[in-house]
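Quick note on labels: first sequence line is chain A, next is B, and so on, each numbered from 1.
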Number of protein chains: 2
Amino acid sequence: MDRSKKSSQRRRANVNIHDVARRARVSIATVSRVVNRIPSVDPELAKRVWKAVDDVGYVPNTQARALVSGRSRILGLIVSEITNPFFPELVQEFENLAVAQGYEVMIGSTNYNTERTESLIRRMLQRSVDGVAVMTFGIEEELVHTLVDHGFPLVFVDAGPELPNVRVLKVNYGDGIREAVQHLAALGHRQIAFISGPLQMRTAAIRRDAFRNAMAELGLTVPATSMVEGKHTMESGKAAMEQLMKTPAPPTAVVCSNDMTAIGVLHALDETTHQVPKDISVVGFDDIHLAQFMLPPLTTVQMSCRDLATAAVEALRAGIESDHPKFVQREWPIQTRLVVRRSTDFPRGSLPAQSKVAAKGAARPATSAK
Amino acid sequence: MDRSKKSSQRRRANVNIHDVARRARVSIATVSRVVNRIPSVDPELAKRVWKAVDDVGYVPNTQARALVSGRSRILGLIVSEITNPFFPELVQEFENLAVAQGYEVMIGSTNYNTERTESLIRRMLQRSVDGVAVMTFGIEEELVHTLVDHGFPLVFVDAGPELPNVRVLKVNYGDGIREAVQHLAALGHRQIAFISGPLQMRTAAIRRDAFRNAMAELGLTVPATSMVEGKHTMESGKAAMEQLMKTPAPPTAVVCSNDMTAIGVLHALDETTHQVPKDISVVGFDDIHLAQFMLPPLTTVQMSCRDLATAAVEALRAGIESDHPKFVQREWPIQTRLVVRRSTDFPRGSLPAQSKVAAKGAARPATSAK
DNA sequence: TAGAAACTGGTAAGCGTTTCCCGACTCTTC
DNA sequence: GAAGAGTCGGGAAACGCTTACCAGTTTCTA
């Protein structure tokens, strides 16, 4: 009863700019100008056009728009794996910001798979995205090359090629990790171990170095057996912790390169008689949503998704919309900070009970657990 | 050195079909036919064209294609909240399947927010998606209306309007929940409580009814105090469990309407002296990834993301590509089944130790914990 | 009051495809 | 050897929009 209107074949275009023009008794050029808010149109006329738009229910066709303007108003977002809880949060923020700026976002996960990644890039090319944010936290060389060749604005995390259209989100791992180490040291820990991510992943190496430096600053040494390489997964975290417990002088605290690793550590300890935090303190990194849901809720270094997303979208927009893309800053700083929850405490028997409260207060910075 | 080629203004189109045509010394029509694998082209000629395509690095422009063909080859996917761990898994599967069929997917989350949802639908309309899967597990009436009016293929979960272009994924909650109840009953539980989702959410009501029926089948009664309404969140699960423990005869087992609720229950119990599963057994629903990472790993009713995604994509494709969309089946069944992990066990002291093993074997169906 | 400047709004040329229609060519067949 | 059937491939018309260019009006200045 309603769809008989225009069913020449299968669904064809809805109403178009001509319908609006006819109804408002103006040319299509004027409609276009009104819709795009080009100020040279008489306000009265504009009002008439808007009314017509409303009356006929006109929605501009993005494909046509993109075709003629050369910009798709789509931003690509490449992450490692969408099922890793860190990323949905990032995606969400990114999407909100992009949409607020009139962009759509095309999401893809590499799953650490070259073939998949290549197809992903090809897809983005085909849809002619206006720019791509690569938030994989690991440089995958080929990916970089393919993308760079095509000349559209690019954003990487931590490091990226020295090219005019590339911006880099510089995460300040040092601050957060130093806070974590100092927090543990203030609680009385001296034997602090570190479970890193896969070291060929650049971000993993950077985090590890940040840990080493923070320890050195406090004059604490880290025996080789206290540095274990994991894979940023729960399983690897569990395995790493089991290995740490076998060493002659097991640590009283463990700092992990990401939260999933820390969760693995919690699991490993759950299978022993050790309790967290009474026997061993655990610190994660990322502050994924899940961290606060663990038992006990995880003390962790927060890397704000919102900050990351904001910087990424802004850097991309700057590259796309600026008249002088060359002069846009190349590096965008991102802060990290410790969030203290319940997985860290004094090492067993380290302090007399009555001084605990004071020390605790001192050792626990900004306890904003959410 | 390379980009001087064609930089009339800001980045303009790369190579186009004309370039290929020129190089292969054919018309653009032929190139189009070759690229679209229309069989009426002489194989030799086709080979020449493919070579030209390769030589000049031609990538068809999707916008133009979409403009003329009227199909964007984009599938819309609407979920409730991408940060709820259930959804990324669904998104991933959906995307894989869609891409395999040559579609791109446009994801959006409603966040239970009407305004946001409206803008989302407007965006999808603008990008002229070929179809939309609404996987929110809750009917939001306005959403439905807006979508339905536009006539493109639609997929809903559980229930949807009776319209020719609408397909419905019918989840068989009954089977999985019955398995869960029988599992608990077999272990010896009689006082089994249920924490539902928000009951105005259709899926929540269905799950609750499935629980009631399963209990009735076993001749077990459910006192009103053992049915608590939650909100499908961790916080609400925690609150509900606290309420349950205050009742005169607290349950020995709790079935939850989703996993997040169950996780909340775990948290509530963690703050008491009750242990899971020794004192209380807990069963979730969904089998989110996280479920197996809990302490203890959660026994839960699995609703397979892959099944859901597969059905959604297929139903959508059927609506889009079929010559006779009317004859495509309206209902697509989805199974559920129990996955037994470690959060369920005998009620304390219910069975003598020596018979445990046997009972356990009997009571634990298909223990495929991953 | 004439002429220039400032505004408005219309015409039409693409943007890169797909696809209809038709002509050219190759085979058959009588 | 010519006519009819069957292939193949090219020309050109959309698809819906933006925007350069231009023409008509109005307003301002000398």
_With a sphere of 6.0 Å drawn around CZ of A/R330, does it hold more than 12 non-hydrogen atoms of other residues, nucleotides or ligands?_
yes
*Does a salt bridge link B/R123 with A/E95, judged by any charged N lying under 4.0 Å from a carboxylate O?*
yes
*Give the nucleotide from the list D/dC8, D/dG16, C/dG9 with an atom nearest to the side chain of B/L67.*
D/dG16
*Under 4.0 Å: is that the gap between some side-chain N or O of B/S27 and OP1 or OP2 of D/dG10?*
yes
*asked:* Please compare B/D42 and A/I38 by the position of their nearest nucleotide in DNA chain D and report the one closer to 5'.
replied: B/D42
*asked:* From the set D/dG9, C/dG14, C/dT18, return the single nucleotide nearest to any side-chain atom of B/R65.
replied: C/dT18
*Mind checking B/I28 for me? I need base, sugar-phosphate or nothing, with any heavy atom below 4.0 Å counting as a touch.*
base
_Under-4.0 Å side-chain N/O to phosphate OP1/OP2 contact, A/N61 with D/dG16_ = no
*asked:* Counting only side-chain heavy atoms from C-beta out, which of D/dG10, D/dT19, D/dG9 sits nearest to B/A29?
replied: D/dG10
_Can you tell me if A/T30 touches the phosphate of C/dG10, counting only side-chain N or O atoms and a distance under 4.0 Å to OP1 or OP2?_
yes
*What's the CG-C1' distance between A/D19 and D/dC15, to the nearest Å?*
14 Å
_Atom pair distance, as rounded to whole Å: CZ in A/R37 and P in D/dT18_ = 13 Å
*Which is true for A/H18 with a 4.0 Å heavy-atom rule: it touches a base, it touches only sugar-phosphate, or it touches nothing?*
nothing
*Which part of the nucleic acid does B/V59 contact within heavy-atom distance under 4.0 Å: base, sugar-phosphate only, or nothing?*
sugar-phosphate
*asked:* Both A/A64 and A/S40 contact DNA chain C. Taking the nearest nucleotide for each, which residue is further toward the 5' end?
replied: A/S40
_Backbone of A/Q101 reached by a side-chain donor or acceptor of A/R73 within 3.5 Å_ = yes
*Of the candidate nucleotides D/dG9, D/dG16, D/dA20, which contains the atom at the shortest distance from the side chain of B/R33?*
D/dG9
*Starting at CG of A/N36 and ending at C1' of C/dG9, how long is that distance when rounded to a whole Å?*
15 Å
*Just how far, in rounded Å, is C1' of C/dG16 from OH of B/Y58?*
7 Å
*Report yes if a side-chain nitrogen or oxygen of B/S32 is closer than 4.0 Å to either non-bridging phosphate oxygen (OP1 or OP2) of C/dT18; otherwise report no.*
yes
*Provide, to the nearest angstrom, the distance between the CD atom belonging to A/Q126 and the P atom belonging to C/dG16.*
16 Å
*asked:* side chain to side chain donor-acceptor pair (under 3.5 Å), that's the test. Do A/N96 and B/R116 meet it? Break it down for me.
replied: CA-CA 10 Å; A/N96 288 349; B/R116 188 187 167 95; 3.0 Å; yes
*How long is the line joining CZ of A/R22 and P of D/dG16, in whole Å?*
12 Å
*For the pair A/N111 (side chain) and A/N113 (backbone), establish whether a donor and an acceptor sit closer than 3.5 Å, ignoring hydrogens and angles.*
no
*asked:* Among C/dG16, D/dG16, C/dA12, which nucleotide has an atom closest to any side-chain atom of B/N16?
replied: C/dG16
_Please report the distance, rounded to the nearest Å, between CZ in A/R71 and C1' in D/dT19._
15 Å
_Could you check whether any side-chain N or O of B/D130 sits under 3.5 Å from a backbone N or O of B/L75, counting only pairs where one atom can act as donor and the other as acceptor?_
no
*How many Å lie between CD1 on A/I17 and C1' on C/dG10, as a whole number?*
13 Å
